[in-house]
Amino acid sequence: MRQYRIRPHHGMCLYFFEGKGYSDGFTAHMAEVKEWLQGKEEPATLKLVGETDEICSACPHNKEGRCESAEKVDRYDAGVLKYTGLKAGQEMTFAEFERIVEEKILQPGYGKVICGDCQWRDICHK
């Protein structure tokens with residue numbers, strides 16, 4: 001079983017992902033990561049990490065393994081962990097993670113609290 005390193009806030013990004021992103025390369029990679037996490041190729045798990053992850057590897061804001069928007073995305077990660085009760089280093093399936101994000105963040109409406117200043121936020125409110 002393959003394991004992917006995923007930042008906590010990317011659980012929300014993946015939930016709403018609709019083929020838009022910072023660049024064509026980033027968008028294609030994010031779609032691929034979502035397919036991997038959904039087990040399209042082989043069963044997979046994720047490990048929550050507080051640093052650049054598999055999705056960040058194709059992001060134009062990733063500068064030598066560090067996000068140019070580190071303060072903002074660190075805050076998003078902290079918010080997801082706070083509202084879900086999850087911890088960095090936890091491992092689970094993507095389906096489990098998606099269910100937890102939906103139940104503990106999206107349904108109660110905490111998404112705006114966590115990442116209301118995200119440039120992609122409009123996608124999450126459709």
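Here, residue 1 is the first one in the sequence, and each next residue gets the next number. Atoms considered below: every heavy atom in the structure, side chains included; atoms not considered: hydrogens, waters and symmetry mates.
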Chi angles and distances behind the side-chain hydrogen bond (donor to acceptor under 3.5 Å, both in side chains) call for Glu102, Tyr15: CA-CA 8 Å; Glu102 184 174 346; Tyr15 188 91; 3.3 Å; yes
Looking at [atom1] of [X] and [atom2] of [Y], how far apart are the two atoms once the value is rounded to the nearest 0.5 Å?
X: Gln119; Y: Lys72; atom1: CD; atom2: NZ; answer: 6.0 Å
X: Ile55; Y: Arg5; atom1: CD1; atom2: CZ; answer: 12.0 Å
X: Arg2; Y: Leu37; atom1: CZ; atom2: CG; answer: 10.0 Å
X: Arg75; Y: Cys118; atom1: CZ; atom2: SG; answer: 10.0 Å
X: Thr93; Y: Arg99; atom1: OG1; atom2: CZ; answer: 8.5 Å

What pair of heavy atoms forms the shortest contact from [X] to [Y], and how long is it?
X: Cys67; Y: Val73; value: SG-CG2, 3.9 Å
X: Gly85; Y: Gln90; value: O-OE1, 4.3 Å
X: Gly25; Y: Ala58; value: O-CB, 4.3 Å
X: Gly111; Y: Met12; value: CA-CE, 3.8 Å

Short side-chain to backbone donor-acceptor contact, Asp77 and His9, under 3.5 Å: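 Flag set: sc Asp77 to bb His9 pair under 3.5 Å.
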Under 6.0 Å from the [atom1] atom of [X], do we count more than 12 heavy atoms belonging to anything else shown?
X: Lys47; atom1: NZ; answer: no
X: Lys34; atom1: NZ; answer: yes
X: Asp117; atom1: CG; answer: yes

Derivation of the side chain to side chain contact (heavy atoms under 4.5 Å, CB included) call for Glu98 and Leu14: CA-CA 9 Å; Glu98 205 170 40; Leu14 288 164; 5.8 Å; no
Starting from [Y], can I reach [X] by hopping between I/L/V/M/F/W/Y residues whose side chains sit under 4.5 Å apart?
X: Ile100; Y: Val49; result: no
X: Tyr83; Y: Phe97; result: yes
X: Phe94; Y: Val101; result: yes

Parallel, tilted or perpendicular, as decided by the 30° and 60° cut-offs, for the rings of Tyr4 and Trp36: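 Answer is parallel, since the angle falls under 30°.
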So do [Y] and [X] actually touch side chain to side chain, heavy atoms under 4.5 Å?
X: His10; Y: Cys56; value: yes
X: Leu48; Y: Met92; value: yes
X: Ile114; Y: Val80; value: yes
X: Thr52; Y: Arg66; value: no

Salt-bridge present (Glu51, Arg7; N to O < 4.0 Å):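 So Glu51 does not pair with Arg7 through a salt bridge.
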Evaluation steps, side chain to side chain contact (heavy atoms under 4.5 Å, CB included), between Thr45 and Met1: CA-CA 7 Å; Thr45 61; Met1 186 173 298; 3.2 Å; yes
Glu68 vs Lys63, side chain to side chain contact (heavy atoms under 4.5 Å, CB included): CA-CA, chis, key distance, verdict: CA-CA 7 Å; Glu68 288 179 319; Lys63 302 298 180 192; 3.1 Å; yes
Steps toward side chain to side chain contact (heavy atoms under 4.5 Å, CB included) verdict (Cys13, Trp120): CA-CA 9 Å; Cys13 302; Trp120 303 104; over 6 Å; no
